[in-house]
Enquirer: 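Can you read through this structure? Questions will come right after.
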Amino acid sequence: MDLYSYFYSLVKQIPPGRVSTYGALARALGDIRASRACGVMLSQNPDAPRIPCHRVVMSDGSLGGFTHPEGVKKKIERLRAEGVSVENGKVVDFHEILFEDFHTDYPLKALREEQEKLKERVKLEDDFSLGAVGGVDVSYSGRWAYGVLVIMSSPFEVDMVVRGKFRVDFPYIPTYLAFREEPIISSLLSRFDRELILLVDGNGIMHPRFFGLASHIGVKNDVPTIGVAKSQLLGSVVEDKVFVNSRHVGYFVKSGRKRGIYVSPGHRVSLETSLEIVRQYLKHKNPEPLRLAHIYANEFRRSG
DNA sequence: GCGACAG
DNA sequence: ATCTTGTCGC
Ligand SMILES: [Mg+2]
């Protein structure tokens with residue numbers, strides 16, 4: 001699913017003389033949670049003003065951002081040329097000229113259904129051999145992605161580093177992270193032959209559909225995975241356990257100087273074992289394979 | 001108005 | 001995540 005292309009074709013549906021909103025476009029994609037991603041994709045508009053990003057404003061009729069050497073002034077100018085006035089930073093007659101009637105198939109709805117389907121294949125029992133432990137992370141510059149897989153044969157011995165540069169066709173949207181990063185990480189994994197347990201920068205079953213990035217990668221590649229997130233996507237923390245809809249899905253682990261990390265099994269690993277393995281590799285805030293993958297991915301992006 | 005929103 | 005075009009609920 002090339003969500004960038006799909007999104008730009010939605011934006012082209014907004015007629016001259018009308019405006020739409022980031023939220024309306026997000027709902028046309030299939031989830032209001034994508035509203036921020038709509039702003040990000042517009043900021044990366046490859047063909048303005050043919051893709052009329054100047055016709056997208058905030059839900060209260062105020063202008064929102066505009067990436068241009070002349071700034072938001074250019075947005076006002078392009079709207080005015082189409083007969084849309086802006087006064088006191090707000091679109092005049094906003095509710096009258098608001099366009100929300102997008103022709104769409106709601107692609108994010110289909111992706112939620114894909115998550116629900118693949119979820120049936122998640123196994124939350126230990127099913128791996130004690131071999132290498134890997135960590136993956138991805139760094140970005142615009143639509144370029146720099147992925148790194150670090151393999152450690154034991155704590156704390158780096159065995160191998162795999163790197164790859166990719167073009168992404170999906171933005172970051174909360175709860176849809178896998179559709180952005182899974183293709184990148186699967187490609188890196190295909191270049192490593194041996195057995196491993198993979199630590200992933202994101203959640204396993206700590207997810208509204210119990211199918212986060214780590215589970216997605218695990219199921220698609222038939223690899224044991226553990227999700228390790230730096231912040232809380234959802235759920236409630238009681239002592240060191242995290243619950244989603246009263247189901248125990250993972251742990252909050254105090255680590256580093258302040259706060260901590262959120263650990264949840266992805267695939268082929270039990271709740272308890274996911275915690276045990278992460279703890280074995282904990283020297284800083286993040287377990288070592290992830291900490292190194294993060295550092296190497298940033299170096300890769302900045303240098304080549 | 002402020003915080004929440006995996007990365 | 002990067003250096004940045006949001007929305008909703010409390
Ligand atoms: Mg990351």
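To find a chain, count down the sequence lines: A is the first, B the second, and so on, and within it residues start at 1. Basis for what follows: all heavy atoms, side chains included, without hydrogens, waters or symmetry-related copies.
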Enquirer: Counting any heavy atom closer than 4.0 Å, what does D31(A) reach on the DNA or RNA strands: base, sugar-phosphate only, or nothing?
Expert: nothing
Enquirer: Has the side chain of S270(A) got a donor or acceptor atom that lies under 3.5 Å from a matching backbone atom of T273(A)?
Expert: yes
Enquirer: When all nucleic acid strands are considered with a 4.0 Å heavy-atom cut-off, which category describes S139(A): base, sugar-phosphate, or nothing?
Expert: sugar-phosphate
Enquirer: Hey, could you give me the CD1/CD distance between I14(A) and E100(A), rounded to the nearest 0.5 Å?
Expert: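 One finds 10.5 Å between CD1 of I14(A) and CD of E100(A).
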Enquirer: For F179(A) and Y176(A), take the angle between the two ring planes, folded into 0 to 90°, and tell me which bin it lands in: parallel under 30, tilted 30 to 60, perpendicular over 60.
Expert: tilted
Enquirer: Does Y22(A) reach a base, just sugar-phosphate, or nothing at all? Heavy atoms under 4.0 Å.
Expert: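 Since a base atom lies under 4.0 Å of Y22(A), the category is base.
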Enquirer: Dot-bracket for DNA chain C, please, read 5' to 3', with Watson-Crick or G-U wobble pairs under 3.5 Å on both distances, ( ) within the strand, [ ] crossing, | other strand, . unpaired.
Expert: .....|||||
Enquirer: Give R143(A) one of three labels, base, sugar-phosphate or nothing, depending on what nucleic acid heavy atoms sit under 4.0 Å from its own.
Expert: nothing
Enquirer: Looking at residues 61-71 of chain A, who's got a heavy atom less than 4.0 Å off DNA chain B?
Expert: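 Within this stretch, nothing sits under 4.0 Å of the strand.
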Enquirer: Can you name the salt bridge (charged side-chain N to carboxylate O under 4.0 Å, His left out) partners of E77(A), sequence neighbours left out?
Expert: K74(A)
Enquirer: Among residues 203-218 of chain A, which ones have heavy-atom contacts with DNA chain B below 4.0 Å?
Expert: N203(A), H207(A), G212(A), L213(A)
Enquirer: Look at all strands and tell whether S231(A) reaches a base, only sugar-phosphate, or nothing, counting heavy atoms closer than 4.0 Å.
Expert: sugar-phosphate
Enquirer: Atom CD of Q232(A) and atom C1' of dA4(B): how far apart are they, to the nearest Å?
Expert: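 It is 10 Å, rounded to the nearest whole Å.
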Enquirer: Does the plane of the ring in Y262(A) sit parallel, tilted or perpendicular to the ring in F252(A)? Use 30° and 60° as the thresholds.
Expert: tilted
Enquirer: Do the ring planes of Y4(A) and Y8(A) sit parallel (below 30°), tilted (30 to 60°) or perpendicular (above 60°)?
Expert: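 Tilted.
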Enquirer: Between dG7(B) atom P and R36(A) atom CZ, what is the distance in whole Å?
Expert: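 In whole Å, dG7(B) P and R36(A) CZ are 13 Å from each other.
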Enquirer: Write down the distance separating the C1' atoms in dT4(C) and dC5(B), rounded off to the nearest Å.
Expert: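 These two C1' atoms come out 15 Å apart once rounded.
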Enquirer: In whole angstrom, what separates R33(A)'s CZ from dC5(B)'s P?
Expert: 12 Å
Enquirer: Treat each ILVMFWY residue as a node, draw an edge where side-chain heavy atoms are under 4.5 Å apart, and state whether M1(A) and L213(A) are in one component.
Expert: no
Enquirer: Do the side chain of H284(A) and the main chain of N286(A) share a donor and acceptor less than 3.5 angstrom apart?
Expert: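 Not confirmed, H284(A) side chain does not pair with N286(A) backbone.
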Enquirer: I'd like to know if the side chain of S153(A) reaches the main chain of D159(A), judged simply by a donor and an acceptor atom lying under 3.5 Å from each other, with no hydrogens or angles considered.
Expert: no
Enquirer: Keeping the roles fixed (side chain from R18(A), backbone from L98(A)), state whether a donor-acceptor pair exists under 3.5 Å.
Expert: yes
Enquirer: Could you tell me the boundaries of the chain A footprint on DNA chain C, defined by atoms under 4.0 Å from its heavy atoms?
Expert: dA1(C) to dC8(C)
Enquirer: Return the value, rounded to whole Å, for the distance between atom CG of D137(A) and atom C1' of dG7(B).
Expert: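 In whole Å, dG7(B) C1' and D137(A) CG are 8 Å from each other.
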Enquirer: Would the distance check show the side chain of D60(A) and the main-chain N or O of S62(A) forming a donor-acceptor pair, the cut-off being under 3.5 Å?
Expert: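 Between the backbone of S62(A) and the side chain of D60(A) there is a qualifying donor-acceptor contact (under 3.5 Å).
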Enquirer: Could you tell me which residues satisfy ring-ring contact (aromatic ring centres under 6.0 Å, His included) with Y140(A), sequence neighbours excluded, listed by chain and number?
Expert: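 In terms of ring-ring contact (aromatic ring centres under 6.0 Å, His included), with neighbours along the sequence ignored, Y140(A) is linked to no residue.
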Enquirer: Between D201(A) and K230(A), does the side-chain contact (heavy atoms from CB on, under 4.5 Å) criterion hold? Intermediate values first, please.
Expert: CA-CA 8 Å; D201(A) 184 26; K230(A) 297 179 288 297; 2.8 Å; yes
